[in-house]
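Since the structure comes first, as structure tokens, the remarks are kept for the end.
This chain uses plain numbering: 1 for the first residue, then up along the sequence.
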Amino acid sequence: MSWCKIVGACLMFAAIVLSGQHSLAAQPIKVSDVHLQLAQRHLEAGHPFWAVSSYRRALESGADNPNIHRNLSQVLYDLGFVDQAITEMDRAIKNTPEADFLHMEMGVFCLASGLLQRARTEFSRVLELNPGFSYGYYYLGEVLYRLGDYDLASMALVMAHRLGLPGFDLERKLVDIGWQLPVQPWRDDSHDYYLRQITLNSRSIVDEVLQRLSDGELFEELARESSIDAMAQNGGYVGVMQLESMSATFADQLAGIASFAAPVLLESGDDYLIVQRIAPFDAVLWQKKIVAKKQQRKEKIAEYAVQPATAEKGYLLLSGVFKNHNYADQRVARLLALGMKSYLKSRGAGEHLRYEVIAGRFDQYNAAEDAGSQLKEVGLDYYIRKEN
């Protein structure tokens, strides 16, 4: 059956149905609604290309609903037309109240299309709107990794971890290149309490949810599945509060609790609240921590970077030559932590500039070889070069 015949048949069927409903006689069927129904049926029948055509015809016929653009963008993305999916999602975002999940979907589209800076912007916006969105942190970490910003990528990964998302693949990639994950990329000295909660009205369901949390299920997913309050759609994210604005009972139980500590069970009337304090997405703090970390590296490296002019020539133990200065610094920091007298040497200029990571200098070849064996034990490559 041709496309025109399908549309004609649907219109005829709708007209027959409506003709028997006097109350709706004054409300003729909209052509756009017919195309939307067809789009849904095409999807259910496994015909996504036809669904795309129906969505477009619905929009051309006067449909004005951002959700149509969103649905169309998802079908286009699944079909591999990522650039068109981005265009449709832009229209959805422009014409609807700002929502974390829309920026999340747009970020995924941009990442798939290789638009890394745009993806970074979208995932950052997700976390500004909802710092409890663990996948936002993970995807932001993936983008930062691909941009070569390993310090920021590792911070995003740690935040995803704290929200319950393991992030095994990104962690493996960072660890494989010798990167060290930060201990705490957030501050706990604020009077602001960023909270997320799961509201339940049955003690048996409370016990079940607590057990599932203990088993490693994501707080945000359990909130969407089980919580009975309006924050469920946000993964339970409540927002920021101060103790002064809480009831005395809640304030007493939450006072001083650390970010990402185990959730606390509170009671409010007939309801039970599983509440957890989290931390905000803080790009400014991350940058400050990176600057401080780099300064510490420079100070340590400076202790060994200049060799005495009268020193006799010996053997240099090297652990890689890198184009990325930050990565070379990170390798030096790791070697210093292992007790090596590590520093950097630059070679070349412009596009040919490279950074040699010197693990240490030794008078005897055997001593350099012994130190190299220690590096090999922790998974680091090395080679020995005689000083000229």
Side-chain angles (χ1 to χ4, degrees), residues 3 6-7 10-11 14 24 27-140 143 220-221 223-225 227 229-239 281:
W3 173 260
I6 293 175
V7 175
C10 282
L11 288 171
L24 298 178
Q27 300 180 16
I29 187 169
K30 294 181 180 179
V31 175
S32 59
D33 289 342
V34 174
H35 288 303
L36 289 176
Q37 292 174 17
L38 282 170
Q40 185 59 39
R41 291 184 181 181
H42 287 322
L43 289 176
E44 292 171 354
H47 301 147
F49 281 99
W50 292 0
V52 168
S53 182
S54 290
Y55 278 131
R56 292 201 186 283
R57 284 174 177 264
L59 293 167
E60 292 167 0
S61 301
D64 186 22
N65 186 331
N67 203 44
I68 300 174
H69 291 290
R70 182 195 177 202
N71 292 342
L72 175 55
S73 73
Q74 291 174 335
V75 178
L76 289 167
Y77 176 75
D78 290 339
L79 289 171
F81 301 116
V82 184
D83 55 339
Q84 296 180 46
I86 291 174
T87 298
E88 295 300 330
M89 185 60 76
D90 265 328
R91 290 168 179 159
I93 292 174
K94 181 180 178 181
N95 295 298
T96 193
E98 198 168 27
D100 54 7
F101 64 89
L102 289 178
H103 287 286
M104 185 71 193
E105 291 170 5
M106 176 63 91
V108 171
F109 294 170
C110 293
L111 175 57
S113 189
L115 303 174
L116 297 182
Q117 290 294 351
R118 174 73 188 277
R120 177 178 182 173
T121 298
E122 295 296 335
F123 292 131
S124 295
R125 188 56 184 152
V126 170
L127 297 168
E128 289 167 358
L129 293 169
N130 183 355
F133 208 140
S134 64
Y135 286 98
Y137 277 114
Y138 182 82
Y139 274 94
L140 177 61
V143 169
E220 62 211 78
E221 292 181 352
R224 294 189 184 98
E225 175 188 330
S227 187
D229 61 30
M231 282 73 75
Q233 63 182 350
N234 300 326
Y237 179 58
V238 176
F281 170 64

>> Between Glu88 and Gln84, do the side chains contain a donor N or O and an acceptor N or O under 3.5 Å apart?
In response: no

>> Checking the side chain of Ser73 only, and the main-chain atoms of Arg70 only, is there a donor and an acceptor separated by less than 3.5 Å?
In response: yes

> When you look at Val52 and Arg56, which way does the side-chain contact (heavy atoms from CB on, under 4.5 Å) test go after all the steps?
Replying inline: CA-CA 6 Å; Val52 168; Arg56 292 201 186 283; 3.9 Å; yes

> What heavy-atom pair brings Pro48 and Leu43 nearest, and what distance separates the two atoms?
Replying inline: CA-CD2, 4.3 Å

> Taking Ser53 for the side chain and Phe49 for the main chain, is one N or O donor matched with an acceptor at less than 3.5 Å?
Replying inline: no

>> Is there a side-chain contact (heavy atoms from CB on, under 4.5 Å) between Leu76 and Phe109? Walk through the geometry before answering.
In response: CA-CA 10 Å; Leu76 289 167; Phe109 294 170; over 6 Å; no

>> side-chain contact (heavy atoms from CB on, under 4.5 Å) for Glu105 and Leu102? Distances and angles first, verdict last.
In response: CA-CA 5 Å; Glu105 291 170 5; Leu102 289 178; 4.3 Å; yes

> Is the side chain of Asn234 donor-acceptor paired with the backbone N or O of Asn130 at a distance under 3.5 Å, no angle test?
Replying inline: no

>> In terms of relative ring orientation, are His42 and His47 parallel, tilted or perpendicular, with 30° and 60° separating the classes?
In response: tilted

> CD1/Ile68 to CZ/Arg91 distance, rounded to the nearest 0.5 angstrom?
Replying inline: 12.5 Å

> What is the distance from atom NE2 of His103 to atom CD of Glu98, rounded to the nearest 0.5 Å?
Replying inline: 3.5 Å

>> With rounding to the nearest 0.5 angstrom, report the CG to CD distance, Asp100 to Glu122.
In response: 12.0 Å

> OG/Ser54 to CG/Leu59 distance, rounded to the nearest 0.5 angstrom?
Replying inline: 11.0 Å

>> To check you understand the geometry: which heavy-atom pair defines the closest contact between Ala232 and Ala223, and what is its length?
In response: CB-O, 3.4 Å

>> Tell me if the CG atom of Asp64 is crowded by more than 12 foreign heavy atoms within 6.0 Å.
In response: no

> On the ring face of Phe133, is Arg125 found with NZ or CZ under 6.0 Å from the centre and within 45° of the axis?
Replying inline: no

> Would you call Phe123 and Val108 a side-chain contact if the rule is heavy atoms closer than 4.5 Å?
Replying inline: yes

> Should we say atom OH of Tyr139 is surrounded by more than 12 heavy atoms from elsewhere, each under 6.0 Å from it?
Replying inline: no

>> With a 3.5 Å distance limit and no angle check, can you tell me whether Thr96 reaches the backbone of Ala92 through a side-chain donor-acceptor pair?
In response: no

> Taking the side chain from Asn71 and the backbone from Gln74, do they hold a donor-acceptor pair closer than 3.5 Å?
Replying inline: no

> Quick one: are Ile86 and Ser113 in side-chain contact, heavy atoms under 4.5 Å?
Replying inline: yes

>> Any non-hydrogen side-chain atom of Phe81 less than 4.5 Å from a side-chain atom of Thr87?
In response: no

>> Working to the nearest 0.5 angstrom, can you tell me the gap between Asp90 CG and His69 NE2?
In response: 11.0 Å

> To the nearest 0.5 Å, how far apart are CZ in Arg57 and CG in Leu36?
Replying inline: 13.0 Å

>> Ser134 vs Glu220, test: side-chain contact (heavy atoms from CB on, under 4.5 Å). Steps then yes/no.
In response: CA-CA 8 Å; Ser134 64; Glu220 62 211 78; 2.9 Å; yes

> What are the two closest non-hydrogen atoms of Ser61 and Val31, and how far apart are they?
Replying inline: OG-CG1, 3.8 Å

